[in-house]
2 protein chains.
Amino acid sequence: MLKDPLTLLGILDRLGNLLRSDMRRVGGESGLQVVHLQAMIYLAQANRFSNTPQALAEYLGLTKGTVSQSLLLLDRNNLIERYQDGEDRRVVRLRLSSEGEEMLRVSGLHELWRSSTRDLSANRIRTVVSALRDTLFRIQDQAGGSNFGTCETCIHWSRRSARAYHCEWYGERLSMSESRELCRTHLPRSTYLPEDR
Amino acid sequence: MLKDPLTLLGILDRLGNLLRSDMRRVGGESGLQVVHLQAMIYLAQANRFSNTPQALAEYLGLTKGTVSQSLLLLDRNNLIERYQDGEDRRVVRLRLSSEGEEMLRVSGLHELWRSSTRDLSANRIRTVVSALRDTLFRIQDQAGGSNFGTCETCIHWSRRSARAYHCEWYGERLSMSESRELCRTHLPRSTYLPEDR
DNA sequence: ATAAATTGATATCGAGTCGATACTATCTTA
DNA sequence: TAAGATAGTATCGACTCGATATCAATTTAT
């Protein structure tokens with residue numbers, strides 16, 4: 001029973017409810033719903049190709065209309081900023097305002113998680129991350145929508161020199177910190193290749 | 001970065017959105033919201049001490065008033081049954097109706113998960129379950145509400161004979177299959193003891 | 001023993017989510 | 001240059017959710 005995948009799903013379910021409940025508590029203090037915090041947390045991680053309403057909708061698994069309303073509210077509360085894209089004038093770009101960043105910082109949303117994982121060894125975390133990441137990539141592949149992930153595990157990513165990285169997909173240079181951000185066109189390499197099944 | 005707990009949190013976040021999105025899809029076909037499916041899934045696992053509206057509210061991290069409404073809807077749709085407790089006449093007991101069980105079976109809700117974890121070795125799953133379970137128990141302890149878990153990891157549980165188990169907390173006999181159900185008064189043993197911190 | 005407090009559940013209300021649909025604006029393709 | 005695709009917004013109805021109030025049953029305190 002310890003090796004039952006459904007046991008794992010049950011744990012994830014309960015963990016999800018606890019984290020969600022914590023978000024509700026934190027959001028309540030600022031008049032925000034859970035989905036608003038999720039949006040802000042996403043925007044804090046998203047790279048410059050993935051900071052749009054559409055990408056957020058795909059990340060959250062909601063329709064763009066629904067997400068549009070949430071973004072409107074965040075904008076009214078000055079927690080995010082929206083600006084036109086230079087290339088494609090249909091596209092709206094999003095970023096956290098300084099108030100938004102401050103609000104996330106103060107919220108202490110990650111504290112519960114941090115303190116509860118403190119005693120896990122680096123090795124154990126590595127195993128968990130690796131296994132869940134494989135599972136995530138498989139699920140994303142089957143679900144058929146966008147695939148989210150960071151450059152580290154992406155097939156489009158390559159190192160050009162000591163400090164210069166490159167994305168073959170967008171054909172653009174990436175800084176090291178950009179390479180750690182979340183991207184909506186992630187394609188997993190090594191451990192799991194969606195093609196060979 | 002592979003060993004960063006926040007990386008793990010990010011994966012759980014995205015996994016949660018995907019699973020939630022899948023529930024929305026399945027629920028949409030039957031006119032149910034995500035929370036209704038979550039309630040049914042809980043009731044399919046809960047033991048006989050934990051099948052009440054209050055326990056469900058604690059599991060989901062919602063108020064009892066909110067949960068009461070969801071249960072009303074499930075009852076109207078004949079997906080659950082409600083009956084009075086024999087001992088305490090304030091208490092309402094819940095169980096899935098045969099329609100409810102059938103509906104869960106047909107939904108194929110676990111298929112996505114099953115197929116995506118198929119290639120994880122038993123050993124890998126064991127490690128993941130163990131690490132996340134420790135984390136879950138810590139979070140539950142800090143959150144201060146009810147602690148959910150199965151007898152296997154509970155300090156109140158003991159084996160009386162070959163096939164007979166016993167719960168010291170409720171002072172009642174448990175069958176083997178009952179021992180695998182979810183309980184709202186779980187207290188973790190061995191790996192993590194909340195007292196010694 | 002009886003009043004007070006607690007507990008489990010339901011009802012009501014308002015703010016807000018969410019999908020469906022329709023719509024506008026912009027870009028791409030034929 | 002017209003048709004289609006894409007990004008985003010607006011509107012509407014069903015429903016969630018917390019806050020609050022209420023009720024009944026149980027437990028505790030005096």
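Because the structure is a prediction, the values reported are computed rather than measured. Just so it is clear: chains get the letters A, B, ... in the order the sequence lines come, proteins before strands, and each one is counted from 1.
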**Report entry** Bend angle of the helix from C:dA1-D:dT30 to C:dA30-D:dT1, from helix axes over five pairs at each end, nearest 10°
**Finding:**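 Axis-to-axis angle, ends of the helix: 20°.
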Validation row: [X], [Y] side chains within 4.5 angstrom (heavy atoms):
X: A:Gln38; Y: B:Asn17; value: yes
X: B:Asp22; Y: B:Trp113; value: no
X: A:Met40; Y: A:Leu74; value: yes

Could you go over nucleotides 2-4 of chain D and give all protein N or O partners under 3.5 Å, atom names and distances?
none

**Report entry** Within 45° cone and under 6.0 Å: A:Arg95 NZ/CZ vs A:Tyr83 ring
**Finding:**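 Checked: cation-pi criterion met.
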Query raised in the report: Does NZ or CZ of A:Arg173 lie under 6.0 Å from the centre of the six-membered ring of A:Tyr165, at an angle within 45° of the ring axis?
Result: no
Whole Å only: how far is the [atom1] atom of [X] from the [atom2] atom of [N]?
X: A:Leu71; N: D:dA10; atom1: CG; atom2: P; answer: 12 Å
X: A:Asn51; N: D:dG8; atom1: CG; atom2: P; answer: 10 Å
X: B:Leu72; N: C:dA9; atom1: CG; atom2: P; answer: 13 Å

Query raised in the report: Are the aromatic ring centres of B:Tyr170 and B:His156 under 6.0 angstrom apart?
Result: no
Report task. Please answer whether the main-chain N or O of B:Arg48 pairs with a side-chain N or O of B:Arg93 as donor and acceptor at a distance below 3.5 Å. Result ->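 At least one qualifying donor-acceptor pair exists.
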Report summary line: Closest heavy-atom pair, A:Tyr59 versus B:Gly10, reported as atoms and distance to 0.1 Å, is OH-O, 4.0 Å
Query raised in the report: Is any NZ, NE, NH1 or NH2 atom of the basic residue among A:Arg105 and A:Glu101 found under 4.0 Å from an Asp or Glu carboxylate oxygen of the other?
Result: no
Report summary line: Contact string for nucleotides 17-27 of chain C, one letter per nucleotide 5' to 3', B = base within protein heavy-atom range under 4.0 Å, S = sugar-phosphate only, - = neither, reads SSB-----BBS
Report summary line: Test side-chain contact (heavy atoms from CB on, under 4.5 Å), reference B:Ile125, set B:Thr127, B:Asn123, B:Val129, B:Val128, output is B:Val129
